[in-house]
Trainee: 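Let me give you the structure first, and then I'll get to my questions.
Naming: A, B, ... by sequence-line order, numbering from 1 per chain. It should be emphasised that the depicted structure is a prediction, and the values quoted were computed from it without experimental measurement.
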Amino acid sequence: MQADVSEILNELNQAQRQAVSSPSGPVLVLAGAGSGKTRVLVHRIAWLIQVEGVSPYSILAVTFTNKAAAEMRGRIEQLLDMPATGLWVGTFHGLAHRLLRQHWQEARLPQNFQIIDTQDQLGVIKRVHKALDLEDSRWPPKQSMYFVNGKKDEGIRPQNMQDTGDPITRQMIRIYTAYQSACERGGLVDFGELLLRSLETLRDNETLLKHYRDRFSNILVDEFQDTNTLQYSWLRLLAGNTSPIFAVGDDDQSIYGWRGAKVEHLQRFDKDFKNTQMVRLEQNYRSTSTILNAANAVIANNAERMGKNLWTDGNDGEQIQLYTAYNEQEEARYVAERIRQYAESGGMRSDVAVLYRSNAQSRVFEEVFIGMRIPYKVYGGLRFFERAEIKDALAYMRLGSNQHDDASFERVVNRPTRGIGARTVDQIRAEAREHELSMFAAAQRLLEHKILTARAAGAVRNFIELVNDIAAASADLPIHELVDHINVVSGLLDFHGKENNEKSQSRIDNLNELVSAARGFEYNEEEHGEMSLLDAFLAHAALESGEGQGESWEDCVQMMSMHAAKGLEFPLVFITGMEDGLFPHQMSIEEPGRLEEERRLCYVGITRARENLVLTLTERRRLHGSDRYNMPSQFIGEIPKELLHEIRPSVPSYKKQSSSSYTSSSGKNLVDDESSEYKLGDRVFHQKFGEGTVTNYEGSGSHARIEINFKHAGSKWLVVAYAKLERA
DNA sequence: GCGACATTGTTTTTT
DNA sequence: ACAATGTCGC
């Protein structure tokens, strides 16, 4: 097995080699953007197998997305030139799921437990609220869901929670408890539960834990900066004191703090694991030095960094271009025009990315692109398996697998409408609660005791027969025929067929696409174990939200949020909406920690570009119905001037200041009527709020309002006519 | 059960 | 502004 050492280490630089060939023990690879982090992971695995003679069975590689997992597996097989059997490569959730399926008894789950996504989960929570008789206005279901998920992410069960006497916490504990028993009853497992339940199962089963600890003597983790508390505990439990973790990550690319990711796991890795070998990958193979220097300069403004400086031996490349548009339409037209030129001079549109802070910003671009006949693809938004019509069909399939899945029952009991209205459903629900039955069982009981009106009874009987029919069919038919059967007998196809418009047509297309997806679904003995084909497909639908389902392969401009762009690269990148309030987002400006995360997002955005980077912003932007006059993003001011080329340097300058506010050097008046005496960047003084800076303006005449960012009182909108402002 | 009207929220997203 | 959800009356 010693033979291919050179092949594995060839094509690697010094730092990469050091990481790949590290002696056994904890390793932390700090991998800057574009420094070949996936490559290091893949080569490390090859090294373990071919040089260290480690069995693939004892290797566990964890990623965050299915895409990353698939790519890693593919590249490993390519490098090893053979199928990577026995090797566990997958997402945290996928691997936890696999554990739970294999040990459903130890985990105290029903064998055919179903995974619910966020939408389903919210539905369950809403029903719990109803059962507890809580007003949605006083107890927003979403808030309860965040609470439950937050607790699960910290590994906390309702019974471990202190009743401090605080009525809100007390209520939340009640909700969490009721939600959990609702899930137990229906055999439902949410995303957080996958992780928490598998963690508990391992923790509480000494033999099981020992088995997996012995088996996985090598654990590799990608994007380590994105792990949350639960994922981290999961890793540590599995690693124990004997299986070293090989972690790869970049603290500068930690952009998921808002959903519970803790960079601290990366930052204190060497304290948590003794004798950690730390390797920094700082040579970038992606971008021009101009782009890299800009990224480095921006990220240098963050205080809490582990320190790292990207360099390249590539050429300078062109300056970063900065374009200030009048408004968002003009911004989009400029970008479109640039893309048109790029394509005309032989560039591929798919080499171009249009990035933005929030998805809503894509709309204007889409409109302009359509007008100019520029093909584009928007990433993010609803994915295939999340579409309403698909979820309906899946709910029928789930009922076929488990009649007691109340979430699915409620979803489709009257979809399409079949005469089982809210009153009847209420009755079923009450019956279920009273006798501690599932909705399905309760419906049957109502029929037996002839409690329903004749009309409702008929409709309910039909529905029960429908579900029984599907259950029978799911035992007999191959899965794609089952989907086809469901589409017909449930009436979903007919229902959407009746309405004849574009939307209903696309729903029908999607339902048919689901048949194809089922046909193409491959049952993997190794991964799915004893699961029925149906359950395996349903799990697949829940865990892989279906990115890329029914995708057309045209040469398209790639449009996405900067978050979605992490891990990707493009020769030409536009970062749009570079305005304070938009990016950094308003919600993140006040809190220093959140601002640093925005800055890391900016770093991620910049480092997506290989050759050319264009930043755009607007002077005036319509947002939530009103016009905003935003200042240029403070991040622009953090890029060294010599790297920037202003294409239309008419308006503000980007002088950097010590405070977070920027002044407009051009002194352009924001309104043309005489009543306005304030302009952006003016320092003002208010009787109550003290000193501040004008950051936005809206309306005119006596209705004119200005937004002032006060030094101590925060940001406020004031009516100029009443505010009694003085110049500071 | 459905259409008309009102209310609400509007950063980022994977699983 | 606008879309998505919830409420109400027939």
Side-chain angles (χ1 to χ4, degrees), chain A residues 62-69 90-98 115-123 126 135-137 140-143 149 152-153 189-196 198 222-223 226-228 230-231 254-261 328 355-364 379-383 385-386 388 414-425 455-456 459 495 499 539-547 560-567 577 581-589 594 597-598 600-602 604-605 621-628:
Chain A
V62 197
T63 64
F64 277 84
T65 67
N66 292 303
K67 207 171 136 195
T91 62
F92 278 101
H93 293 86
L95 298 168
H97 173 235
R98 212 161 139 178
I115 303 168
I116 55 173
D117 68 10
T118 320
Q119 282 177 49
D120 304 328
Q121 190 186 18
L122 188 62
K126 278 182 181 166
E135 260 179 86
D136 280 0
S137 50
K142 275 210 177 121
Q143 212 124 351
N149 287 341
K152 285 193 181 184
D153 282 348
V189 172
D190 61 54
F191 289 135
E193 187 72 20
L194 282 174
L195 292 170
L196 182 50
S198 60
D222 192 14
E223 306 277 18
D226 289 339
T227 49
N228 67 26
L230 184 50
Q231 290 158 337
S254 154
I255 54 175
Y256 286 112
W258 52 274
R259 66 174 197 210
E328 66 270 27
L355 307 182
Y356 32 76
R357 174 65 236 263
S358 65
N359 287 311
Q361 286 166 248
S362 73
R363 251 184 56 177
V364 186
Y379 291 82
L382 260 199
R383 275 174 293 274
F385 286 118
E386 289 166 8
N414 202 31
R415 187 113 106 237
T417 49
R418 50 171 67 89
I420 307 177
R423 287 248 1 221
T424 312
V425 176
R455 222 168 109 183
F495 174 69
E499 234 180 313
H540 166 80
L543 287 173
E544 294 229 22
S545 33
E547 190 75 74
M560 66 194 84
S561 70
M562 275 174 271
H563 284 89
K566 191 169 88 160
L582 253 191
F583 186 40
H585 195 276
Q586 192 62 52
M587 315 239 71
S588 313
I589 283 180
R594 314 205 87 199
E597 182 154 313
E598 295 280 306
R600 292 193 289 268
L601 186 58
C602 184
V604 168
R621 182 181 293 273
R622 235 187 148 79
L623 199 69
H624 309 310
S626 59
D627 277 337
R628 296 177 57 96

Trainee: What's A:Gly419 touching, base or sugar-phosphate or nothing? Going by heavy atoms closer than 4.0 Å.
Mentor: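 Sugar-phosphate, no base atom in range.
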
Trainee: Given atom CG of A:Asp120 and atom P of B:dT15, what is their separation to the nearest angstrom?
Mentor: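 Going from A:Asp120 (CG) to B:dT15 (P), I get 16 Å.
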
Trainee: Please give, in whole Å, the distance from B:dT15 P to A:His93 NE2?
Mentor: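 In whole Å, B:dT15 P lies 9 Å from A:His93 NE2.
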
Trainee: Taking for each residue the nucleotide of DNA chain B bearing the nearest heavy atom, is the 5' side occupied by A:Phe495 or by A:Leu601?
Mentor: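 Result: A:Phe495.
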
Trainee: Each nucleotide in nucleotides 4-11 of chain B should get exactly one letter: B, S or -. Can you fill that in based on protein heavy atoms under 4.0 Å?
Mentor: ------BB

Trainee: So, OP1 or OP2 of B:dT15: does either fall under 4.0 Å of a side-chain N or O from A:Asn66?
Mentor: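 So the side-chain polar atoms of A:Asn66 do come within 4.0 Å of the phosphate oxygens OP1 or OP2 of B:dT15, strictly under.
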
Trainee: Using a heavy-atom cut-off of 4.0 Å across all strands, would you classify A:Lys126 as base, sugar-phosphate, or nothing?
Mentor: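 If one applies the 4.0 Å heavy-atom cut-off, A:Lys126 turns out to touch the sugar-phosphate alone, with no base involved.
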
Trainee: Rounded to whole Å, how long is the line connecting atom CE of A:Met560 with atom C1' of B:dT14?
Mentor: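 That distance rounds to 16 Å.
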
Trainee: Counting only side-chain N and O atoms of A:Ser561, is one of them less than 4.0 Å from OP1 or OP2 of B:dT13?
Mentor: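 Yes, because at least one side-chain N or O of A:Ser561 sits under 4.0 Å from OP1 or OP2 of B:dT13.
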
Trainee: Please walk me through it: do A:His563 and A:Trp258 pass side-chain contact (heavy atoms from CB on, under 4.5 Å)?
Mentor: CA-CA 12 Å; A:His563 284 89; A:Trp258 52 274; 3.6 Å; yes

Trainee: Taking the side chain as everything from C-beta on, heavy atoms only, tell me whether A:Leu543 gets closer than 4.5 Å to A:Leu194.
Mentor: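 A:Leu543 reaches A:Leu194 side chain to side chain.
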
Trainee: Between C:dA1 atom P and A:Glu328 atom CD, what is the distance in whole Å?
Mentor: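 Distance check: A:Glu328 CD to C:dA1 P gives 13 Å.
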
Trainee: Side chain of A:Arg363: nearest nucleotide among B:dC2, C:dT5, C:dA3?
Mentor: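 Within the option list, the nearest is C:dA3.
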
Trainee: So among A:Arg357, A:Gln361, A:Arg628, which one has a side chain to side chain contact (heavy atoms under 4.5 Å, CB included) with A:Leu582?
Mentor: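 Only one of A:Arg357, A:Gln361, A:Arg628 forms a side chain to side chain contact (heavy atoms under 4.5 Å, CB included) with A:Leu582, namely A:Gln361.
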
Trainee: According to a cutoff of under 5.5 Å between the ring centres and under 30° between the ring planes, does A:Trp258 stack with the base of B:dT12?
Mentor: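 Check passed, A:Trp258 stacks on base of B:dT12.
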
Trainee: Salt bridge check, A:Arg600 against A:Glu597: does any charged N sit closer than 4.0 Å to a carboxylate O?
Mentor: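 Yes, this pair counts.
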
Trainee: Verify, without hydrogens or angle tests, whether A:Glu598 (side chain) and A:Phe583 (backbone) share a donor-acceptor contact under 3.5 angstrom.
Mentor: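 Judged by distance alone, no pair lies under 3.5 Å.
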
Trainee: For the pair made of CD in A:Gln361 and C1' in B:dT12, what is the distance, rounded to whole Å?
Mentor: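 A:Gln361 atom CD is separated from B:dT12 atom C1' by 11 Å.
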
Trainee: If we take the P atom in both B:dT13 and C:dC2, what is their distance in whole Å?
Mentor: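 My reading of the P atoms in B:dT13 and C:dC2 gives 22 Å.
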
Trainee: Find the distance A:Leu355:CG to B:dT12:P and express it as a whole number of Å.
Mentor: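 In whole Å, B:dT12 P lies 14 Å from A:Leu355 CG.
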
Trainee: Suppose we call a contact any N or O donor and acceptor under 3.5 Å apart; does that hold for the side chain of A:Thr118 and the base of B:dT15?
Mentor: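 In this structure, the two groups form a donor-acceptor pair.
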
Trainee: Would you indicate what A:Ala542 reaches in the nucleic acid, counting non-hydrogen atoms under 4.0 angstrom: base, sugar-phosphate, or nothing?
Mentor: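 Here A:Ala542 touches no strand at all.
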
Trainee: Please determine whether a side-chain nitrogen of the Lys or Arg among A:Asp117 and A:Arg383 lies less than 4.0 Å from a carboxylate oxygen of the Asp or Glu.
Mentor: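 Not counted as a salt bridge, because no side-chain N and carboxylate O are separated by less than 4.0 Å.
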
Trainee: A:Tyr356 OH to B:dT13 C1': how many Å, rounded?
Mentor: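 In whole Å, B:dT13 C1' and A:Tyr356 OH are 13 Å from each other.
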
Trainee: Considering only the P atoms, how many Å lie between B:dT12 and C:dT5, rounded to the nearest integer?
Mentor: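 These two P atoms come out 15 Å apart once rounded.
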
Trainee: Remember a base hit wins even if backbone is also touched, and classify A:Phe583 as base, sugar-phosphate or nothing at under 4.0 Å, heavy atoms.
Mentor: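 Since no nucleic acid heavy atom lies under 4.0 Å of A:Phe583, the category is nothing.
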
Trainee: So how far is it from A:Ile116 CD1 to A:Glu193 CD, rounded to the nearest 0.5 Å?
Mentor: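 Spacing of CD1 (A:Ile116) from CD (A:Glu193) equals 9.5 Å.
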
Trainee: Please check this pair: side chain of A:Asn414 against backbone of A:Ile420, looking for a donor-acceptor N/O pair closer than 3.5 Å.
Mentor: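 At least one qualifying donor-acceptor pair exists.
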
Trainee: To the nearest Å, how far apart are A:Asn414 CG and B:dG1 C1'?
Mentor: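 After rounding, the reported distance stands at 8 Å.
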
Trainee: Does the side chain of A:Arg423 get closer than 4.0 angstrom to OP1 or OP2 of B:dG1 through an N or O atom?
Mentor: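 For B:dG1, neither OP1 nor OP2 has a side-chain N or O of A:Arg423 closer than 4.0 Å.
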
